[in-house]
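Chain letters run A, B, ... following the sequence lines, proteins first, then strands; residues in each count from 1.
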Amino acid sequence: MEHQNIIISASPHLHDASSTQKVMRDVIIALTPALLVGVYLFGVGTLIITATAIISCVLFEYLIQKYWLRKPLTINDYSAVVTGLLLAFNLPSNLPIWMVVVGSLVAIGVAKMSFGGLGFNIFNPALIGRVFLLISFPVQMTSWPLPIVNRMQYADAITGATSLGMVKEASLMGEPLSQISSQLTTQMDLFMGITGGSIGEMSALALLIGGLYLLIRKVITWHIPVVFLLTMFAMSGIFWWVDPQQYLNPVFHLLAGGAILGAFYMATDMVTSPMTPKGMMVFAFGIGVITVLIRLFGAYPEGVSFAILIMNAFVPLIKTYTKPKRFGEPIRAKIL
Amino acid sequence: MLKTFKQGGIHPPENKLTCTKPIRSLPVPQTVYVPIAQHIGIPSEIVVELKQKVEVGQMIAQSGGYVSSSIHSPVAGTVTKLDKIIDSSGYKKQCIVIRSDAAEITDRAELPLKMEIEMDAEAILNQINSCGIVGLGGATFPSFVKLHVDPKSKIDTLLINGVECEPYLTADHSLMLAKAQEIKVGIHILLKALHIQKAIIGIEANKQDAIQKFAEICKNDTHIQVAALQVKYPQGGEKQLIKALLNREVPKGGLPHQVGVIVHNVGTIFAIYEAVQHGKPLTDRVVTVTGKKVKDPGNFWVKIGTPIKDLIDAVGGMPEDTRKILNGGPMMGKALKNLDVPVTKGTSGIVLISNVEAERGPAMSCIKCARCISVCPMGLEPYLLMDLVEKNRPQIALENDVTTCIECGSCSYICPSHRPLLDYIRYGKDLVRKN
């Protein structure tokens, strides 16, 4: 007795309802509160930049897959949308459109597709796009429109420096922090997002809400964000404790710049981060240390992007030394 | 906090549709097809001839070696054929075809409860061997071999596996409810045979009625403990159960007796009870026949050798949109194409999976989400093993412990990119074996 409809396959015969699309959709949902804050603060600029980045990322992935690689299209997995969104989050809201397009091309074309597409890239595509732009167009990439007043402006926005930028300038000139402390954004404003900076790194609160969502949905685990932020806090805290005249306090470090955005959305990128809790913690610790070193002693005011990219390069090595404990094998320290 | 194993594990929907159903007797089939390779190890040797009359329980194939088992006739009748038929593996296997004489539908003969254990340890082991008892949890390892341990290895605990962590299946559950007293006697038989004092029954918390029943009847029993376990797949795996109940880890590539434990399934314990106390060889077992669209799913006493189409008829026929017919549970069972496949000693359930449930999206690239690593109960890296096997690197896969995979399927179940991880790992194990 044979039946036409019956198929055979090896076990297991059930599958969890999860899918890559759903994972990516969760990331998009998690980024929405921060995007809304960005729209509130920078208005049209946010909308133009974000839309440009998303559309060009998806389009470049489509074109490269269809006409160059001639491989099956994977744009419906939403990963290019996430890349575009994250890239936009790392850009000032008055960046010329063509630069956004160039950034998208580097992110998708160089950082993602040239490695073989989703799942094969070594470096975080959005960060490669951002760092490429930062190095190529340092002036445009570091002139930040002032929030709220620029809602209806795009190209002619009035710009100012970020708090971290002012601190870096002061430290390069050898001035003590007390001289500029009145110009710095308050910690409460940093938390709520009333400050100058990239579109998506504004409000720590909005980013934390999204981060919490990702944790609840189990898209990410606590290891990377918590260890990264704790390392940053501890290390910048030591410097602050030694010389509060010279260095910012650790809470300010956590809230300013891209620390929260990096911790919850960039460093946790599945493809470019380690896969075991142990490995994630080593990875996040490295990011924390490098970020603080760049912020305090490097040429750039902000170091999260560089720190994540540097640690991305160590991921294969970290993976080799932080394999999960095999069942039935004695526990032994495999951490470097 | 309930006990469980710490590393890995998943929570598939339980779908225990038949957990409240008592065990019914399936009518004696007109013809039974009894394969001679129903257990792990050497196939049995046929000892009957064509046209020979056989009685119920008469040995029709004898143990073919040490790791082997004997097989007994499930029905009274005539041997009509010694032929090869397709079994659940999908291959043609030697089997004994017996036409039953029984004209009437008969209920399973229920044997009276007998508490007194008369046999001594050696006699018990011999009886288990000669009655053809094998592990009824699915692995079908000859029970006698498992119990025949080296006196130097220090066994201190007998674990009874009443976990039944596979979705849908309720064969063990229904048996625990129906035959709790007999199972308790069966445990004492094994304690006697092993010369040990301690047994623990592990039951998952989704079977509260069974937990309560055993807690009640073992209240004044100093040798048997009842342990409720957190619901988690694959807790019924021997190594996971030992970890959950005793926090001992069977060494890599090792066996439970190395950590002083022997594990037996509740179904096996009941079969041992009947064999030792009543001399009844293993000729039938409880099978759950179920599925979401099935009209009247249930638990059945089924004669070994019954074609599964008889089972499907007994639950109201095969639903229209059935996509897969599974011999066993949905996580580890085998998909069948042929309804003439007979029930064997290892058949714990027949599950009919509908179109919707069988659906699996197209495989996409691995996004390194690490879910496969986090659910693997053996601490493996399934994504890496699949990659290595795909690239034909069995040696590196071996270095990454591919052979310790227990094939529970948790990785394939959880993968958001729908990658056939376990399929490749199985293939990798095969490659390693061949090299």
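- Other residues, nucleotides and ligands contribute more than 12 heavy atoms inside 6.0 Å of the CD atom of B/Q258.
- Taking B/P251, B/G379, B/P420 one by one and counting their heavy-atom pairs under 4.5 Å with chain A, the maximum is reached by B/G379.
- Atom CD of B/E399 is surrounded by more than 12 heavy atoms from other residues, nucleotides or ligands within 6.0 Å.
- The residue among B/V250, B/D321, B/V259 with the most heavy atom pairs within less than 4.5 Å of chain A is B/V250.
- The CG atom of B/D423 sits 7.5 Å away from atom OG of A/S9, with the distance rounded to the nearest 0.5 Å.
- For A/Y213, the OH atom sits in a packed shell: over 12 heavy atoms of surrounding residues, nucleotides or ligands are nearer than 6.0 Å.
- Within a 6.0 Å radius of NZ in B/K252, other residues, nucleotides and ligands contribute more than 12 heavy atoms.
- Remark: side-chain polar atoms of A/H15 are paired, donor with acceptor, to backbone N or O of B/C415 under 3.5 angstrom.
- The neighbour count for B/Y424 OH, taken as heavy atoms of other residues, nucleotides or ligands under 6.0 Å away, does not exceed 12.
- With a 4.5 angstrom heavy-atom cutoff, B/N355 touches chain A only via side-chain atoms.
- When side chains are defined from C-beta on, A/F327 counts as touching B/K239, because their heavy atoms get closer than 4.5 Å.
- Enclosure of atom NZ in B/K334 is not indicated, since only 12 or fewer non-hydrogen atoms of other residues, nucleotides or ligands lie within 6.0 angstrom.
- Contacts between B/P377 and chain A at a heavy-atom distance below 4.5 Å involve the backbone alone (N, CA, C, O).
- Contact count against chain A (heavy-atom pairs under 4.5 Å) is highest for B/R360 among B/R360, B/Q240, B/E407, B/E357.
- Using a 4.5 Å cut-off between non-hydrogen atoms, the part of residues 261-275 of chain A that approaches chain B consists of A/M270, A/V271, A/M275.
- Of the two parts of B/I353, only the side chain, counted from C-beta on, holds a non-hydrogen atom closer than 4.5 Å to a non-hydrogen atom of chain A.
- A/L14 is listed as a side-chain neighbour of B/Y413, based on a closest heavy-atom distance under 4.5 Å.
- Side-chain contact check for A/P324 versus B/E381: some heavy-atom pair is nearer than 4.5 Å.
- For A/F115, the CZ atom sits in a packed shell: over 12 heavy atoms of surrounding residues, nucleotides or ligands are nearer than 6.0 Å.
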Point to revise | Working for side chain to side chain contact (heavy atoms under 4.5 Å, CB included), residues B/I373 and A/T276 | key: CA-CA 7 Å; B/I373 296 179; A/T276 58; 4.2 Å; yes
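- In this structure, the portion of A/K218 lying under 4.5 Å from any heavy atom of chain B is its backbone and not its side chain.
- Contacts between B/C369 and chain A at a heavy-atom distance below 4.5 Å involve backbone atoms as well as side-chain atoms.
- Of all the listed residues (B/G409, B/C372, B/S374), the one sharing the greatest number of non-hydrogen pairs under 4.5 Å with chain A is B/G409.
- Pairing each heavy atom of A/S19 with each of B/H418, the nearest pair is CB-CE1, 3.9 Å.
- Within the 4.5 angstrom heavy-atom criterion, only side-chain atoms of B/L422, from C-beta onward, approach chain A.
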**Study point:** From CA spacing to verdict: side chain to side chain contact (heavy atoms under 4.5 Å, CB included), B/T404, A/E329
**Key:** CA-CA 11 Å; B/T404 63; A/E329 230 176 36; over 6 Å; no
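- How far CG of B/L384 is from NZ of A/K319: 8.5 Å, rounded to the nearest 0.5 Å.
- When the candidates B/S365, B/P167, B/G361 are compared by the number of heavy-atom contacts under 4.5 Å with chain A, B/S365 comes out ahead.
- Considering only residues two or more places apart in sequence or on other chains, B/S89 meets the side chain to side chain donor-acceptor pair (under 3.5 Å) condition with B/D87, B/K93.
- Inter-residue side-chain proximity for B/M331 and A/H13 is flagged as unmet; no heavy-atom pair is nearer than 4.5 Å.
- Note that the CG atom of A/D16 and the OG atom of B/S412 stand 12.0 Å from one another [nearest 0.5 Å].
- The pair B/E249-A/R326 does not count as a salt bridge, with every side-chain nitrogen at least 4.0 angstrom from each carboxylate oxygen.
- Between the CD1 atom of A/I6 and the CZ atom of B/R323 there is a distance of 8.0 Å, given to the nearest 0.5 Å.
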Review point. Could you walk me through whether B/K324 and A/I7 pass the side chain to side chain contact (heavy atoms under 4.5 Å, CB included) check?
Key: CA-CA 6 Å; B/K324 278 185 183 173; A/I7 54 165; 4.0 Å; yes
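- B/D401 places none of its side-chain heavy atoms less than 4.5 Å from the side chain of A/K323.
- Under the side-chain contact (heavy atoms from CB on, under 4.5 Å) criterion, B/S348 pairs with B/L169, B/R285, not counting sequence neighbours.
- Looking only at side-chain heavy atoms (C-beta outward), B/T322 and A/N5 stay at 4.5 Å or farther from each other.
- Chain B forms more heavy-atom pairs under 4.5 Å with one residue of A/S18, A/G119, A/A10 than with any other, namely A/S18.
- For B/L380, the parts lying near chain A are the backbone and the side chain together; criterion is any non-hydrogen pair under 4.5 Å.
- Considering every non-hydrogen atom in both B/R426 and A/S11, the closest pair reads NH2-OG, 2.7 Å.
- At a heavy-atom separation below 4.5 angstrom, chain A is approached by B/Q7 within residues 4-13 of chain B.
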